[in-house]
Protein chains: 2
Amino acid sequence: MKSEKISELTTNRLSVYLRCLKDLADGGHETVSSEALAKAYNLNSAQIRKDLANFGEFGVRGVGYCIKSLRENLTDILGLNSRRRVCIIGAGRLGAALANYYISSGKNFEVVALFDVDQQKIGKKISDVEVFDVKDFAAVAKRAKIEVAVLAVPAESAQSIADVVMGAGIKAVMNFAPVPLKVCEDVKLKTVDLTTSLDSLSYYLAGADRSNGKHMKPNGGGGRI
Amino acid sequence: MKSEKISELTTNRLSVYLRCLKDLADGGHETVSSEALAKAYNLNSAQIRKDLANFGEFGVRGVGYCIKSLRENLTDILGLNSRRRVCIIGAGRLGAALANYYISSGKNFEVVALFDVDQQKIGKKISDVEVFDVKDFAAVAKRAKIEVAVLAVPAESAQSIADVVMGAGIKAVMNFAPVPLKVCEDVKLKTVDLTTSLDSLSYYLAGADRSNGKHMKPNGGGGRI
DNA sequence: TGATGTGAAGCGGTTCACAGCC
DNA sequence: GGCTGTGAACCGCTTCACATCA
């Protein structure tokens with residue numbers, strides 16, 4: 001138990017561990033060692049132990065971890081005991097797909113509102129979630145107790161919408177617009193850039209094309225989680 | 001110019017630089033210094049110079065970088081001169097949204113095929129792209145000269161589909177299924193885990209909830225690109 | 001014995017600071 | 001003078017290796 005700053009890389013892995021443990025529990029297992037867990041899901045056993053040790057001594061030496069209690073602990077650590085209330089801004093295809101994805105995948109997050117500027121869409125429902133006017137964001141966010149905003153809007157409007165979101169007191173933002181947003185210190189921003197991701201793959205392919213393998217990065221093996 | 005191994009973090013940033021440069025060019029600028037670029041898009045000037053220096057001496061001391069030629073160089077480095085041929089496997093909402101996203105955003109990638117197992121969808125068109133039976137993957141991939149596969153399938157089938165994709169000789173895979181896939185050494189895999197991303201935000205919110213701020217990680221300021 | 005928890009080593013990426021060049 | 005290119009310092013994450021304990 002160390003109680004230092006926990007990096008985002010660590011919390012990402014905790015989420016992965018939690019899923020793996022669910023998988024094992026579904027398979028009827030009751031305990032698991034860091035080594036077995038690592039083997040099964042190609043992770044690193046030392047890293048698993050270190051990650052968990054940040055939050056307490058969950059294991060039993062000579063035995064491993066009790067899956068049931070470790071799941072409870074991780075759920076607690078990640079704050080997933082109660083469902084987080086999420087909204088998605090931008091009710092285009094990406095927004096709609098994300099809404100559907102988060103609604104249908106698991107019980108951790110609840111999509112309580114969609115927002116858009118398009119008057120055609122406002123008032124309609126997508127996957128049973130109402131689309132509101134982004135003009136009313138602050139009021140709706142307060143009423144619906146929204147904790148997380150997912151931005152699925154065009155690059156041009158992303159920053160101004162982020163400002164609206166922050167103005168409404170939202171502290172967690174996930175951004176799918178391909179721009180580096182500027183946010184306040186106390187707001188947690190996570191950007192998923194679907195464009196750079198593909199560009200990066202293109203670089204790898206270009207490397208394979210290049211006659212001399214100079215810039216190749218042969219480590220294909222998956223990269224970080 | 002160093003010609004060492006280039007990390008994925010670097011190539012991701014190159015893609016971001018390229019977009020920023022396009023933005024500047026559209027704004028009528030002709031040259032830019034690393035400092036100005038960093039200021040405008042909240043990046044780090046030393047890092048910009050280091051990243052670029054990996055590939056050549058593109059700048060002019062005392063002046064900065066010529067935007068036009070730097071764009072050409074970056075486009076070349078990232079292998080974005082010719083459009084990359086992409087397919088999307090899984091023609092559900094996420095797959096359809098991604099298809100639409102990549103079709104409408106820029107000219108770098110061309111979605112040439114969709115795949116699914118659902119007989120209802122096969123043969124139909126989504127955003128003008130035909131949906132094929134995933135059984136025919138190898139043949140279609142060869143015929144359509146597919147270079148990149150985007151996996152938008154359920155977690156359960158992700159690994160087996162990845163195996164099919166690799167079997168067909170595809171060397172670049174982008175995975176949206178929330179599982180750690182196992183891939184060959186020479187295949188470049190990029191996983192975007194929409195679940196862990198949200199879980200990670202939840203951890204941050206839980207930290208704000210926690211009475212003692214022990215596990216809080218106050219660095220909200222955007223994180224890595 | 002067997003697996004955890006952890007100090008220490010190792011590694012890679014970022015930042016600094018300045019020499020070198022226009 | 002100004003800005004690039006870069007060695008060196010710094011920092012944080014990962015991996016190792018082992019003391020520790022059921």
Side-chain angles (χ1 to χ4, degrees), chain A residues 1-14 16-17 21 24 29-40 42-67 69-70 73-74 180 200 217-219 221-225, chain B residues 1-14 16-17 21 24 29-40 42-67 69-70 73-74 180 200 217-219 221-225:
Chain A
M1 180 67 160
K2 296 204 299 189
S3 85
E4 288 170 9
K5 293 279 154 47
I6 303 299
S7 90
E8 198 164 313
L9 296 164
T10 302
T11 58
N12 284 344
R13 283 191 299 265
L14 293 183
V16 172
Y17 301 158
L21 290 170
L24 287 174
H29 294 74
E30 298 203 338
T31 66
V32 68
S33 70
S34 59
E35 189 62 37
L37 191 60
K39 278 264 171 56
N42 58 335
L43 309 168
N44 178 302
S45 64
Q47 190 156 61
I48 293 171
R49 294 198 299 278
K50 258 227 152 127
D51 286 340
L52 298 177
N54 282 309
F55 301 94
E57 306 207 354
F58 300 127
V60 179
R61 287 161 204 244
V63 179
Y65 300 90
C66 165
I67 292 176
S69 78
L70 185 54
N73 277 304
L74 287 180
S200 185
K217 198 207 164 203
N219 157 38
R224 291 180 176 175
I225 306 170
Chain B
M1 180 65 161
K2 295 204 298 189
S3 84
E4 289 169 9
K5 294 278 152 49
I6 304 300
S7 90
E8 197 163 313
L9 296 164
T10 302
T11 58
N12 284 345
R13 283 192 299 265
L14 293 183
V16 171
Y17 302 155
L21 290 170
L24 287 174
H29 294 74
E30 298 204 338
T31 67
V32 68
S33 71
S34 60
E35 190 61 37
L37 191 59
K39 277 263 170 57
N42 59 335
L43 308 168
N44 178 303
S45 64
Q47 190 154 62
I48 293 171
R49 294 198 298 279
K50 261 229 150 121
D51 285 341
L52 298 178
N54 282 309
F55 300 94
E57 306 207 354
F58 301 127
V60 179
R61 290 160 202 245
V63 179
Y65 299 89
C66 165
I67 292 176
S69 77
L70 185 54
N73 277 304
L74 288 179
S200 184
K217 198 209 163 202
N219 158 38
R224 293 182 177 173
I225 305 170

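Only this structure's heavy atoms are used, side chains among them; waters, hydrogens and symmetry mates stay out. A, B, ... follow the sequence lines: proteins, then strands. Residue 1 opens every chain.
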Starting at the 5' end of DNA chain D and moving along, which residue's nearest nucleotide shows up first, A:Arg61 or A:Ala46? A:Ala46
Can you tell me how far P of C:dG5 sits from CD1 of A:Ile48, to the nearest Å? 12 Å
Separation of C:dG12 atom P from B:Lys5 atom NZ, nearest Å, is 10 Å
Length of the CG-P vector between B:Leu52 and D:dT6, whole Å: 12 Å
Rounding to an integer number of Å, can you tell me how far B:Lys50 NZ sits from D:dA8 P? 11 Å
Starting at atom CG of B:Asn54, determine the distance to atom C1' of D:dT4, rounded to an integer number of angstrom. 14 Å
Taking the side chain as C-beta and beyond, is there a heavy-atom pair between A:Asn73 and A:Phe55 under 4.5 Å? no
Just by modelled atom types, is the A:Asp51 backbone N or O under 3.5 Å from a matching donor or acceptor in the A:Asn54 side chain? yes
Measure from the side chain of B:Gln47, starting at C-beta and using heavy atoms only, and say which of D:dA22, C:dT14, D:dT6 lies closest. C:dT14
Specify the separation, in whole Å, of atom CG of B:Leu9 and atom C1' of D:dC13. 12 Å
Distance criterion of 3.5 Å, no angle test: do you see the side chain of A:Arg49 paired donor-to-acceptor with the base of C:dT4? no
Using a heavy-atom cut-off of under 4.0 Å over every strand shown, decide if B:Ser34 touches base, sugar-phosphate, or nothing. sugar-phosphate
Rounded to 10°, the helix from C:dT1-D:dA22 to C:dC22-D:dG1 deviates from straight, judged by its five-pair end axes, by 0°
